[in-house]
Amino acid sequence: MSEKKPFYLTTPIFYPNAKLHLGHAYTTTISDTLVRYRRLMGQETYFLTGSDENTQKMVDAARKVGEDPIAFLDDIVSTFKGLYAELGISYDQFIRTTDQQAHWPGAQLLWKKLVDAGDIYKKEYEGLYCVGHEAFVTEKDLVDGKCPDHATAPEKIKEENYFFKLSRYADTLKEKIASGALKIIPETRRNEILSFISSGLEDVSFSRPRKTDWPPGLGIPVPGDDSQVMYVWCDALSNYVTALGYGRDDALYQKFWPGIHVLGKDILRFHAAIWPAMLLSAKLPLPAMLLVHGFVTSGGKKMSKTLGNVIDPEELLAEYGVDALRYYLTRHINPFEDGDITREHFKEIYNANLANGLGNLVARIMKLAEDHLEGGTKPESADFSKNYTDAFERFEINHAIDEAFRHVQLLDQKITATEPFKLVKSDPEAGKKLIFDLTRELLGIGQMLEPFMPETSKKIKEAVITDKKPTTLFPRKE
RNA sequence: CGCGGGGUGGAGCAGUAGUAGCUCGUCAGGCUCAUAACCUGAAGGUCGCGGGUGCAAAUCCCGCCCCCGCAACCA
């Protein structure tokens with residue numbers, strides 16, 4: 001460990017038009033695990049998450065239940081925070097894009113930088129507008145020339161928007177990504193985006209006319225043109241720097257930017273093309289890295305209400321507890337590919353690895369310790385195996401936790417081979433020494449588990465330190 | 001010819017060139033400290049199909065079949 005650079009990590013900011021689902025819980029949990037690891041290594045960290053609030057979808061959702069959009073937002077955001085609390089997400093800040101103090105000044109400053117660079121221009125946009133949707137639709141959305149949801153033909157209307165000259169940055173982006181100045185992990189995602197950029201980038205629309213039904217406080221006004229509000233790119237992506245104080249008090253920004261963005265494969269293009277292009281235009285440092293994960297599927301298919309294969313994180317939390325869910329998400333979902341979860345598999349894994357494996361091991365060692373040792377042991381500075389730290393350096397968190405569970409198996413084998421429960425009778429001194437060593441190894445497992453299963457980690461460490469067998473950590477489920 | 005991912009013992013997965021591994025399940029044995037848990041051993045796979053390169057391929061190349069996701073203003 002040479003110098004410890006500050007470590008800044010972000011999750012995407014999620015849409016508050018519905019409750020968070022397991023996919024959101026996944027992104028957030030692996031992000032939390034990565035941050036906790038860095039903290040464990042003694043690095044200074046800053047962990048950002050938040051919500052993307054200036055959206056028509058949210059307004060629609062609010063109206064559907066007859067609520068005021070702003071009140072609706074507050075309700076949904078509190079459910080986000082509630083879920084994060086249950087999941088043990090150790091975020092430092094929750095940024096909301098309706099936050100006029102924390103977010104708007106930075107977003108507007110960024111916009112002005114893009115204007116100064118000559119990259120914002122006005123253009124007439126012509127498209128098919130569906131009155132029912134209050135939004136533009138595309139040709140292929142239509143059935144027999146009509147909107148399938150509203151059975152009406154869309155109107156062709158013209159709208160004047162601001163555009164951002166994304167096209168101008170294609171070559172530079174390509175070079176930055178190819179050279180690794182902007183790292184994209186895994187490599188398949190990097191190749192994917194490189195080939196996408198090679199096929200050319202078009203300018204993107206960057207604003208929308210202010211909707212009359214949007215309440216004040218929703219939608220960031222375009223600097224110098226109150227008739228327009230920012231569209232999602234400058235409005236939302238900018239959160240990664242505004243949260244740190246860009247555009248207001250930027251001490252945190254100076255300290256922590258650039259950081260690492262964790263994101264799902266579906267939003268790769270925005271994070272690998274539009275966002276870095278904005279930063280290039282504004283002459284700000286690019287993100288250090290994009291970590292792109294896959295989707296959590298259920299039964300091999302993307303979760304959807306129509307298929308009825310949706311698994312609510314709350315349901316698993318209620319039945320199995322936070323650490324069981326974190327365990328499944330971090331070990332049994334490959335971080336860089338799609339991973340699957342079913343109730344059946346979850347239960348199988350729970351019983352095999354948590355009840356019979358880790359939980360049982362803690363019980364058998366701590367029973368021996370409680371009966372035969374006088375007093376516990378103090379933890380020394382943890383010594384993490386190379387397998388463990390290397391896996392984290394590669395962001396392969398599933399392999400890092402594998403290492404912890406490999407030690408569970410090794411300890412079970414060691415107990416069978418050395419029979420401390422016999423030795424302590426035939427040779428009490430040697431037996432106690434052996435049991436003591438077992439508790440120390442168990443402590444090591446507890447330390448390795450901290451980023452993944454913080455509550456369990458704490459219980460194991462406390463058990464060893466106080467020399468007391470804890471209550472059953474993971475009761476077997478029948 | 002749109003882009004990407006996947007197809008490995010009954011089930012779920014790991015494994016990107018050098019004797020095919022893990023979890024569950026099955027069968028047999030051991031242990032008794034532990035959550036009827038733990039440990040050992042066995043059965044079970046021509047690694048989707050066909051071709052190619054290599055001394056050697058699940059692993060690289062070509063073709064094909066099947067499944068899944070995305071296809072820019074949509075997180």
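Lettering of chains follows the sequences in order, A, B, ..., and the numbering in each one begins at 1. For the numbers below, each heavy atom of this structure counts, side chains included, while hydrogens, waters and symmetry mates do not.
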Check: Over how many whole Å does the gap from A/Asp338 atom CG to B/G69 atom C1' extend?
Finding: 6 Å
Check: In whole Å, what separates the P atom of B/G48 from that of B/U59?
Finding: 8 Å
Margin query: Please determine whether a side-chain nitrogen or oxygen atom of A/Arg364 lies at a distance below 4.0 Å from atom OP1 or OP2 of B/U35.
Written below: no
Item checked: Donor-acceptor side-chain pairing of A/Gln56 and A/Asp60 below 3.5 angstrom -> yes
Checklist line | C1' spacing across the pair B/C74 / B/C67, given as an integer number of angstrom | finding: 24 Å
Notebook entry, point to check: For A/Thr188 and A/Val408, take the nucleotide of RNA chain B holding the closest heavy atom to each; which residue's nucleotide lies nearer the 5' end?
Noted result: A/Thr188
Next item on the list: Using only side-chain N and O atoms of A/Lys347, determine if any of them is under 4.0 Å from OP1 or OP2 of B/C24.
Entry: no
Notebook entry, point to check: A/His293 NE2 to B/G69 P: how many Å, rounded?
Noted result: 17 Å
Notebook entry, point to check: Syn or anti for B/G54, taking syn as within 90° of 0?
Noted result: syn
Checklist line | B/G50 versus B/C38 - spacing of their P atoms, nearest Å | finding: 40 Å
Next item on the list: Please determine if a side-chain N or O atom of A/Gln409 lies less than 4.0 Å away from the OP1 or OP2 oxygen of B/C22.
Entry: no
Next item on the list: Evaluate the side-chain hydrogen bond (donor to acceptor under 3.5 Å, both in side chains) criterion for residues A/His399 and A/Glu403: first the C-alpha distance (whole Å), next the side-chain angles of each, then the deciding distance (0.1 Å), finally the verdict.
Entry: CA-CA 6 Å; A/His399 293 142; A/Glu403 178 67 7; over 6 Å; no
Next item on the list: Would you kindly give the CG-to-P distance between A/Asp402 and B/A14, to the nearest whole Å?
Entry: 11 Å
Note to self: Starting the side chain at C-beta, find the nucleotide from B/A72, B/C13, B/C33 nearest to A/Phe421.
What the structure shows: B/C33
Note to self: What's A/Leu473 touching, base or sugar-phosphate or nothing? Going by heavy atoms closer than 4.0 Å.
What the structure shows: base
Notebook entry, point to check: Taking for each residue the nucleotide of RNA chain B bearing the nearest heavy atom, is the 5' side occupied by A/Thr416 or by A/Arg189?
Noted result: A/Arg189
Next item on the list: Give the rounded distance in Å between these two atoms: CG of A/Leu237 and C1' of B/C73.
Entry: 12 Å
Check: When you check the phosphate oxygens OP1 and OP2 of B/C33, does a side-chain N or O of A/Lys425 lie under 4.0 Å from one of them?
Finding: yes
Next item on the list: State which of B/A71, B/C38, B/U35 makes the closest approach to the side chain of A/Thr472.
Entry: B/U35
Next item on the list: When you get a sec, tell me which of B/C73, B/A72, B/A37 is the closest nucleotide to the side chain of A/Asn360?
Entry: B/A37
Item checked: Of the listed nucleotides B/U35, B/C24, B/G6, the one nearest the side chain of A/Glu337 -> B/G6
Notebook entry, point to check: To the side chain of A/Asn356, which of B/A37, B/C73, B/C13 is closest?
Noted result: B/A37
Check: How far, in whole Å, is B/A37 from B/A42 if one measures between their P atoms?
Finding: 23 Å
Margin query: Between A/Gln413 and B/C38, is there a contact of a side-chain N or O with OP1 or OP2 at under 4.0 Å?
Written below: no
Notebook entry, point to check: Nearest to the side chain of A/His399 - B/C73, B/G15, B/C33?
Noted result: B/G15
Check: Touch check for A/Lys57, heavy atoms < 4.0 angstrom, all strands: base, sugar-phosphate only, or nothing?
Finding: sugar-phosphate
Item checked: N or O in side chain of A/Lys422 less than 4.0 angstrom from B/U32 OP1/OP2 -> yes
Margin query: Mind checking if A/Ser195 touches a base, just sugar-phosphate, or nothing, with heavy atoms under 4.0 Å?
Written below: nothing
Check: Taking atom types as modelled and ignoring hydrogens, do the side chains of A/His271 and A/Tyr240 form a donor-acceptor contact shorter than 3.5 angstrom?
Finding: yes
Margin query: Within the 4.0 Å heavy-atom criterion, would you say A/Asn398 contacts the bases, only the backbone, or no part of the nucleic acid?
Written below: nothing
Notebook entry, point to check: Using a distance-only test with no angle check, is there a side-chain donor-acceptor pair under 3.5 angstrom linking A/Asp225 and A/Tyr162?
Noted result: yes
Check: Between B/C33, B/U23, B/C73, which nucleotide gets closest to the side-chain atoms of A/Tyr231?
Finding: B/C73
Check: Among side-chain atoms of A/Asp203 and A/Ser167, is any donor-acceptor pair under 3.5 angstrom?
Finding: yes
Check: Which whole-number value in Å describes the distance from A/Ile13 CD1 to B/C74 P?
Finding: 15 Å
Check: Do you know which of A/Tyr231, A/Phe163, A/Trp111 makes ring-ring contact (aromatic ring centres under 6.0 Å, His included) with A/Phe206?
Finding: A/Trp111
Item checked: A/Asn334 side-chain proximity, nearest of B/C39, B/A14, B/C74 -> B/A14
Notebook entry, point to check: Of all the nucleotides listed (B/C73, B/C33, B/G12), which has the minimum atom distance to the side chain of A/Arg208?
Noted result: B/C73
Next item on the list: May I ask you to say what A/Ala355 touches in the nucleic acid, namely base, sugar-phosphate or nothing, with a heavy-atom cut-off under 4.0 Å?
Entry: base
Notebook entry, point to check: Contact class for A/Gly264 vs. all strands (heavy atom < 4.0 Å): base, sugar-phosphate, or nothing?
Noted result: nothing
Note to self: Between C1' on B/A34 and CG on A/Leu438, what's the gap in Å once rounded to a whole number?
What the structure shows: 12 Å
Next item on the list: Rounded to whole angstrom, note down the P distance from B/C60 over to B/G4.
Entry: 15 Å
Notebook entry, point to check: Which one, B/G69, B/A34, B/G4, comes nearest to the side chain of A/Ala363?
Noted result: B/A34
Notebook entry, point to check: Does the side chain of A/His103 come under 3.5 Å of the side chain of A/Thr242 through a donor N or O and an acceptor N or O?
Noted result: yes
Notebook entry, point to check: Are A/His332 and A/Tyr327 linked by a side-chain donor-acceptor pair shorter than 3.5 Å?
Noted result: yes
